[in-house]
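Here is the structure we will look at.
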Amino acid sequence: MASQVTFIGAGNMASAIFGGMIDGGYPADAITATARDDNRLAPLRSRYGIHATTDNDAAVANADVVVLAVKPQVMRAVCEAMRDAVQTRKPLIVSVAAGLTAETLDDWLGGGLAVIRCMPNTPSLVGAGASGLYANARVSDDQRSLATTLLEAVGLVEWVDDEALLEAVTAVSGSGPAYFFLIFEALEDAGKRLGLPPQSARRLALQTAFGAARMAQQSEFDPAQLKRNVMSPGGTTERAIQSFEDGGLRQLFENATQACALRAREMAEELGKKS
Ligand SMILES: NC(=O)C1=CN([C@@H]2O[C@H](COP(=O)(O)OP(=O)(O)OC[C@H]3O[C@@H](n4cnc5c(N)ncnc54)[C@H](O)[C@@H]3O)[C@@H](O)[C@H]2O)C=CC1
Ligand SMILES: O=C(O)[C@@H]1CCC=N1
């Protein structure tokens, strides 16, 4: 029988994950999602056929896995309110919240729990996500496999052994989609300034990004070699790449990812404070 999976919070991330699970054949009646407002839940019942309720305690009562998918800022109140229900059942806890450590979550939920921290990203919404996962010492091999199955329903899964590496995962893939969206914007704008109609500039920029990513995933060559393959000596690409290098693009990525990882650490400290 399929494990009973309860999502606390039914927003973008949760619906991407249970939507992907159902598309992949996971039985909808083994999935429950909760939200504060029943208006949000009615469409989930009709669209996905899952159980949906505003009662977090009831949703946890028969869960094998509880996926915490509310915003980090409300997580503490949500966890503390359902502590008794969680301690009665002791399900596997999977958190997708940015910046909250396994220890903090375990503490808010009463302690002694198997906790997996996951950093997914928004392309999970189209089945092309990338998630980094970390398990605390109480997580069994079977629970690891189950979490892998759940997250692979929406994309690629990478496990890390050191929880601190989730900050690096956040800086590369958690926040990473936004970096690429920024690049798409910039390339589209540049194309428009060179005279392309707006729709053409966007279509060309996006297809080029998609094609480059697909080619890099499928190729036997690394990205540096694929880049050199586009650069004819004395040609156009060489001039453009030189301009990026002169402008310090690599350093900008270094600075941005360091800032991102630092913010993840700050959030862990701010949100995880004992009071
Ligand atoms: N958006 C992103 O790119 C990423 C987000 N995350 C994490 O995913 C988590 C969720 O983010 P989103 O799905 O974007 O947020 P969202 O705002 O779309 O969803 C949050 C959901 O929590 C529900 N909620 C609030 N209080 C509740 C309560 N007391 N009981 C039950 N449900 C409650 C809301 O009704 C809403 O459906 C966050 O912790 C965030 O850090 C992680 C990786 C990437
Ligand atoms: O910006 C954030 O805090 C969240 C975590 C990763 C992506 N979005």
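Only this structure's heavy atoms are used, side chains among them; waters, hydrogens and symmetry mates stay out. Whatever order the structure lists them in is the order used to number ligands and atoms, beginning at 1.
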Starting from [atom], which protein heavy atom do you reach first, and at what distance in Å?
| atom | value |
| --- | --- |
| atom 29 (N) of ligand 1 | Val78 CG2, 3.4 Å |
| atom 13 (O) of ligand 1 | Met13 N, 2.8 Å |
| atom 25 (C) of ligand 1 | Arg36 NE, 3.7 Å |
| atom 3 (O) of ligand 1 | Thr122 CG2, 3.2 Å |
| atom 19 (O) of ligand 1 | Gly11 CA, 3.2 Å |

Pair Asp38 + Arg45, salt bridge at N-O below 4.0 Å: yes
Pair Arg250 + Glu254, salt bridge at N-O below 4.0 Å: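 Salt bridge absent between Arg250 and Glu254.
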Could you pull out, from [options], the option with a heavy atom nearest to [atom]?
| atom | options | result |
| --- | --- | --- |
| atom 30 (N) of ligand 1 | Asn56, Leu68, Val96 | Asn56 |
| atom 41 (O) of ligand 1 | Ala81, Ala77, Ala98 | Ala98 |
| atom 44 (C) of ligand 1 | Gly129, Pro120, Gly176, Ala16 | Pro120 |
| atom 14 (O) of ligand 1 | Met82, Gln73, Lys71, Met119 | Lys71 |

4.0 Å protein heavy-atom contact status of atom 21 (C) of ligand 1, strictly under: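 So far as the 4.0 Å threshold goes, atom 21 (C) of ligand 1 is in reach of a protein heavy atom.
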Heavy atom of protein inside 4.0 Å of atom 5 (C) of ligand 2, strictly below: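 Protein heavy atoms within 4.0 Å of atom 5 (C) of ligand 2 - there is at least one.
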Any donor-acceptor pair under 3.5 Å from Thr101 side chain to Thr104 backbone: yes
Backbone of Gly11 reached by a side-chain donor or acceptor of Ser15 within 3.5 Å: yes
Which distance, rounded to the nearest 0.5 Å, do you find between the [atom1] of [X] and the [atom2] of [Y]?
| X | Y | atom1 | atom2 | value |
| --- | --- | --- | --- | --- |
| Glu80 | Met75 | CD | CE | 12.0 Å |
| Asp189 | Phe184 | CG | CZ | 13.5 Å |
| Asp57 | Met82 | CG | CE | 8.0 Å |

Using a 4.0 Å heavy-atom cut-off, say whether [X] meets ligand 1 through its side chain, its backbone, both or neither.
| X | answer |
| --- | --- |
| Met75 | neither |
| Asp37 | neither |
| Val70 | both |
| Ala69 | backbone |

Verdict with reasoning, Arg263 to Glu270, per salt bridge (charged side-chain N to carboxylate O under 4.0 Å, His left out): CA-CA 10 Å; Arg263 182 63 193 137; Glu270 286 165 15; 3.1 Å; yes
Atoms of ligand 2 close to Ala98 [distance to a heavy atom under 4.0 angstrom, numbered from 1]: 5 (C)
Interfacing atoms of ligand 2 (cut-off 4.0 Å, heavy-atom, Gly174): 6 (C), 7 (C)
Polar contact flag, side-chain donor to acceptor under 3.5 angstrom, Asn56-Thr34: yes
Connected via hydrophobic side-chain network under 4.5 Å: Phe253 and Leu182: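 Unlinked, Phe253 and Leu182 end up in two clusters.
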